[in-house]
Amino acid sequence: MNQALTGSRYELYVARKGAAESKVAHDYFAVHAGDIEEAQDGDDITGYVHSWEVGSTVDGPGLRFVGFLTGCPLRCLYCHNPDTWHKYNGHPVSVARSMRQIGNYAQVLKISNGGITLSGGEPQLQRPFVMQIFRRCKQMGLHTCLDTSGRFGDRFNDEELSDIDLHLLDVKSGDADIFKRLTKQPLQPTLDFARRLAALRRPMWIRFVLVPGFTDSHDNVEKVADICAELGSVERVEILRFHQMGRDKWHKLSLEYALEDVAPPDPELTERVRGQFRRRGLTVF
């Protein structure tokens, strides 16, 4: 498969195999068996990738080469990449081919104090592929970063987690009921993973998506801020303002989009929420 993978996270892509799988399942929202199966460890594993994005400045420190992997069990109401929910929606790509692509940019990534970020989807579902990429990147002197919800953190052993330079951990809500309503998944695995990273003293950037009418209540934000404050290795908290840049994907996939009429949070609300985190001594962006 020689198709170029560099592009944008906002471009819709569904591979033929993924489209066929969804047609058989008759329910795009369902988690397919292939989405959560784990590849065996090996020398040149094949992963499934939506796209590579070159030059990001919002997915970790410095200039980033970002890989958006496919497969995710969460069904976030505000997801801007619903085409990454199913693993086989992605391009099959070997580790060797991935490293050739990354190697083209290695020098500029190092000069900019940047590196490689693997995102998704939920990249933890493709643990062997992720760790092969990261280990080879470390051999090249590149900073490594995993953007994750922590849902499948139990697939990683402590040594593997200690080999990852930075985790961007998405805490969708601090309230279990709100979290379930937003994602169709439980909150507890995210909390367990966050506390495990803290116990290992692994650096974290916490990300919280601010959605008016869904995650913006004072009580919910207080719960998220309390979670962040109890973790000793949180370097910063990023308040991500909800946007509508993923809406077209929902339409093209013929999916009902519950946030159709939700506007981005205004500056006053955003600053109120940032203040709730700052009051706990957290660095907030």
Side-chain angles (χ1 to χ4, degrees), residues 29 31 35-36 38 59-60 68-82 84-85 87 117-127 130-131 144-158 160-162 164-211 214-217 219-242 273 276-277 280 282-285:
F29 280 91
V31 177
D35 297 340
I36 58 175
E38 187 172 25
D59 297 287
F68 294 94
L69 310 190
T70 48
C72 184
L74 279 70
R75 296 294 179 261
C76 299
L77 294 179
Y78 50 73
C79 180
H80 61 238
N81 285 329
T84 67
W85 289 352
K87 185 170 75 175
T117 299
L118 294 181
S119 183
E122 176 45 72
Q124 287 186 336
L125 286 172
Q126 298 194 50
R127 180 199 59 81
V130 165
M131 292 313 303
T144 57
C145 178
L146 191 69
D147 181 6
T148 177
S149 70
R151 178 65 179 85
F152 286 89
D154 56 359
R155 291 190 175 187
F156 290 71
N157 62 42
D158 289 355
E160 289 170 331
L161 295 180
S162 296
I164 300 171
D165 292 317
L166 176 67
H167 281 81
L168 305 183
L169 183 62
D170 304 312
V171 180
K172 318 285 185 178
S173 171
D175 180 282
D177 291 336
I178 295 175
F179 193 99
K180 188 69 177 285
R181 191 159 64 247
L182 282 171
T183 70
K184 308 301 182 188
Q185 293 289 323
L187 168 62
Q188 194 60 46
T190 296
L191 298 181
D192 292 343
F193 185 66
R195 289 163 182 158
R196 187 173 163 212
L197 289 177
L200 292 169
R201 299 184 178 180
R202 302 310 302 154
M204 281 179 273
W205 292 7
I206 301 294
R207 293 178 143 187
F208 172 65
V209 180
L210 178 58
V211 188
F214 289 85
T215 67
D216 62 335
S217 74
D219 181 62
N220 182 56
V221 175
E222 287 288 287
K223 288 177 178 178
V224 178
D226 284 341
I227 291 167
C228 295
E230 78 172 43
L231 304 171
S233 60
V234 174
E235 296 183 341
R236 64 197 280 181
V237 176
E238 296 183 336
I239 307 303
L240 306 183
R241 300 173 69 247
F242 168 74
V273 169
Q276 288 181 255
F277 287 90
R280 289 161 172 80
L282 297 160
T283 300
V284 185
F285 288 85

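All heavy atoms count here, side chains included; hydrogens, waters and symmetry mates do not.
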Should the ring pair His167 and Phe193 be called parallel, tilted or perpendicular, given that the plane angle runs from 0 to 90° and is split at 30 and 60? perpendicular
Is the closest side-chain heavy-atom distance between [X] and [Y] below 4.5 Å?
{"X": "Glu122", "Y": "Thr148", "answer": "yes"}
{"X": "Leu182", "Y": "Tyr78", "answer": "yes"}
{"X": "Glu235", "Y": "Leu166", "answer": "yes"}
{"X": "Val130", "Y": "Glu160", "answer": "no"}
{"X": "Leu231", "Y": "Leu197", "answer": "no"}
{"X": "Met131", "Y": "Ile164", "answer": "yes"}
{"X": "Cys145", "Y": "Leu168", "answer": "yes"}
{"X": "Phe152", "Y": "Arg127", "answer": "no"}

Taken in chain and number order and not counting sequence neighbours, the residues that satisfy ring-ring contact (aromatic ring centres under 6.0 Å, His included) with Phe285 are none
Can you tell me how far [atom2] of [Y] sits from [atom1] of [X], rounded to the nearest 0.5 angstrom?
{"X": "Gln126", "Y": "Glu38", "atom1": "CD", "atom2": "CD", "value": "10.0 Å"}
{"X": "Arg196", "Y": "Arg202", "atom1": "CZ", "atom2": "CZ", "value": "12.0 Å"}
{"X": "Trp85", "Y": "Asp35", "atom1": "CH2", "atom2": "CG", "value": "11.0 Å"}
{"X": "Cys76", "Y": "Lys184", "atom1": "SG", "atom2": "NZ", "value": "11.0 Å"}
{"X": "Gln124", "Y": "Cys72", "atom1": "CD", "atom2": "SG", "value": "10.0 Å"}
{"X": "Cys228", "Y": "Met204", "atom1": "SG", "atom2": "CE", "value": "8.5 Å"}

On a heavy-atom basis, which atom in [X] and which in [Y] lie closest, and how many Å separate them?
{"X": "Ala198", "Y": "Gly232", "answer": "CB-N, 4.1 Å"}
{"X": "Leu169", "Y": "Ala194", "answer": "CD2-CB, 3.4 Å"}
{"X": "Leu69", "Y": "Pro123", "answer": "CD1-CB, 3.9 Å"}

I'd like to know if Asp170 pairs up with Arg151 as an ion pair, taking the criterion as any Lys NZ or Arg NE/NH1/NH2 lying under 4.0 Å from an Asp or Glu carboxylate oxygen. no
Is any side-chain N of the basic residue among Asp219 and Lys223 closer than 4.0 Å to the acidic one's carboxylate O? yes
Working for side-chain contact (heavy atoms from CB on, under 4.5 Å), residues Ile239 and Phe208: CA-CA 5 Å; Ile239 307 303; Phe208 172 65; 4.1 Å; yes
Start with the C-alpha gap between Val209 and Thr215, add the side-chain angles, then the distance that decides, and say whether side-chain contact (heavy atoms from CB on, under 4.5 Å) holds. CA-CA 8 Å; Val209 180; Thr215 67; 5.7 Å; no
The single option from Thr283, Val221, Ile206 passing side chain to side chain contact (heavy atoms under 4.5 Å, CB included) against Phe277: Val221
Under the side-chain contact (heavy atoms from CB on, under 4.5 Å) rule, what do Leu187 and Lys172 come out as? Steps first, then yes or no, please. CA-CA 8 Å; Leu187 168 62; Lys172 318 285 185 178; over 6 Å; no
Per the side-chain hydrogen bond (donor to acceptor under 3.5 Å, both in side chains) rule, which among Asp147, Asp59, Thr84 passes with Ser119? Asp147
Kindly write out the residues that satisfy salt bridge (charged side-chain N to carboxylate O under 4.0 Å, His left out) with Arg280, not counting sequence neighbours, or none if the list is empty. Glu222, Asp226
Please determine, by modelled atom types, if Asn220 and Ser173 share a side-chain donor-acceptor pair under 3.5 angstrom. yes
N/O donor-acceptor pair under 3.5 Å between Arg201 side chain and Ser233 backbone: no
